[in-house]
Amino acid sequence: MADVFHLGLTKADLEGATVAITPGDPARVERIAKLMDTPKFLVSTREFTSWLGYVDGKPIVVCSTGIGGPSVSIAVEELAQLGVRTFLRIGTTGAIQPHINVGDILVTTGAVRLDGASQHFAPLEYPAVADFHCTSTLYQVAQQSGETTYVGITASSDTFYPGQERYDTYSGHICRRFSGSLKEWQQLNVMNFEMESATLFTMCSALGLKAGMISAVIVNRTQQEIPNESTIKAAEGKAVALVVKAAGLLA
Ligand SMILES: O=P(O)(O)O[C@H]1O[C@H](CO)[C@@H](O)[C@H]1O
Ligand SMILES: O=c1cc[nH]c(=O)[nH]1
């Protein structure tokens, strides 16, 4: 019987892992785990797919969070109940600065809280910041890999379409709150959009847990809206390899 409500995991399944790699996409979990030693499938339920692997003899759990803050908050809470203290998110992302290219790597230091779930952990005045040690480790492995890497702020939105000011939609309508927001984030030196870091960082800081995020740029919003499959796979592959290295160093 599982020890937690949603993930279908027991404490024993984690074999003492204190570090988790948390991609959004369940399909990314096996790809990550297979870069580690003795990868083992644990369980798949709803958006949460979990595998366990070892790096330098240290257990690392890989668990997908699904899309958005609410499901991240469930995954983090339940993994923490099972003994995890450090969370490394590896995501795909849309760059909004013209100089950031598809295939580049981003390490996020802090998130603009365009989500709702983070407010269930701390008021809006509270910053959504990554853990310094996680961030510096992610940056170090990215730098050493030779990949073009940027470090900075991410806008983290509950919605993929209006919250990221996309007009290629069914209605083409954006409410006033988000109309012009992409340009404003650009001017404020925000690097990119994604959908989980605001909840992840706020909740982890508030609960005394550690979190970091690395992402792979799959689209540049100043140039295009729809990425192609091979671009996604290639960009994702780079970030996946980097997060496994960082997890090994942090475990
Ligand atoms: O690739 P993942 O980790 O899912 O991350 C990004 O991709 C999803 C949207 O397509 C959102 O979850 C966003 O944060
Ligand atoms: O533009 C993008 C690409 C991936 N994920 C997002 O949330 N936004």
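Order of appearance sets the numbers: ligands from 1, and atoms from 1 within every ligand. This one's a predicted model, so the numbers in the text were calculated from it and none came from an experiment. Counting from 1, the numbers follow the sequence of the chain as shown.
- Remark: ligand 1 atoms within the under-4.0 Å shell around heavy atoms of Arg28 are 1 (O), 2 (P), 3 (O).
- By the criterion of a heavy-atom distance under 4.0 Å, the backbone of Thr93, and not its side chain, is placed next to ligand 2.
- Side-chain contact between Ile74 and Phe48: present, with at least one pair of heavy atoms (C-beta onward) separated by less than 4.5 Å.
- With values rounded to the nearest 0.5 angstrom, Ser156 atom OG is found 7.0 Å from Met213 atom CE.
- Within a 6.0 Å sphere centred on CZ of Phe132, other residues, nucleotides and ligands contribute 12 heavy atoms or fewer.
- For ligand 1, the atoms lying closer than 4.0 Å to a non-hydrogen atom of Glu194 are 14 (O).
- For atom 10 (O) of ligand 1, the closest non-hydrogen atom of the protein is Phe160 CE1, 3.7 Å.
- Atom CZ of Phe178 has more than 12 neighbouring heavy atoms from other residues, nucleotides or ligands inside a 6.0 Å radius.
- Heavy-atom contacts of Val219 reach the following atoms of ligand 2: 1 (O) (cutoff under 4.0 Å).
- Residue Asp25 touches ligand 1 through its backbone alone, judged by heavy-atom distances below 4.0 Å.
- Under the side chain to side chain contact (heavy atoms under 4.5 Å, CB included) test applied with Thr199, the options Ser73, Pro70, Cys204 reduce to a single match, Ser73.
- No hydrogens or angles considered: a donor-acceptor pair under 3.5 Å links the side chains of Glu15 and Tyr54.
- The protein heavy atom nearest to atom 14 (O) of ligand 1 is Glu196 OE1, 2.5 Å.
- The distance from ligand 2 to the heavy atoms of Gln164 drops below 4.0 Å at these ligand atoms: 1 (O), 2 (C), 6 (C), 7 (O), 8 (N).
- Any N or O atom pair closer than 3.5 Å counts here, and Ile67 shares no such pair with ligand 1.
- Heavy-atom contacts from other residues, nucleotides or ligands closer than 6.0 Å to NE2 of His133 number 12 or fewer.
- Polar contact with ligand 2: absent for Arg221 (N/O pair, distance under 3.5 Å).
- Contact annotation: Arg89 has at least one heavy atom less than 4.0 Å from an atom of ligand 1.
- Near Thr92, meaning under 4.0 Å from any of its heavy atoms, are these atoms of ligand 2: 4 (C), 5 (N).
- In this structure, Met195 and Gln164 have side chains that are in contact, with non-hydrogen atoms separated by less than 4.5 Å.
- In Arg166, the part holding a heavy atom less than 4.0 Å from any atom of ligand 2 is the side chain.
- The shortest heavy-atom distance from Ile90 to ligand 1 is under 4.0 Å.
- For ligand 1, the polar-atom distance check finds an N/O of Gly24 within less than 3.5 Å of one of the ligand's N/O atoms.
- If you number the atoms of ligand 2 from 1 as listed, the ones under 4.0 Å from a heavy atom of Phe193 come out as 6 (C), 7 (O), 8 (N).
- Heavy atoms from other residues, nucleotides or ligands lying under 6.0 Å from CD of Gln223 number more than 12.
- Residue-ligand proximity, Met195 to ligand 2, at heavy-atom distances under 4.0 Å covers atoms 7 (O).
- A distance of 3.5 Å separates CG of Asn192 from OG1 of Thr93, quoted to the nearest 0.5 Å.
- Within ligand 1, counting atoms from 1 as listed, the ones closer than 4.0 Å to a heavy atom of Thr92 are 1 (O), 2 (P), 3 (O), 5 (O), 6 (C), 7 (O).
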With side-chain contact (heavy atoms from CB on, under 4.5 Å) as the test, would you mind laying out the steps for Lys210 and Arg85 before giving the verdict? CA-CA 6 Å; Lys210 295 178 175 173; Arg85 298 292 176 263; over 6 Å; no
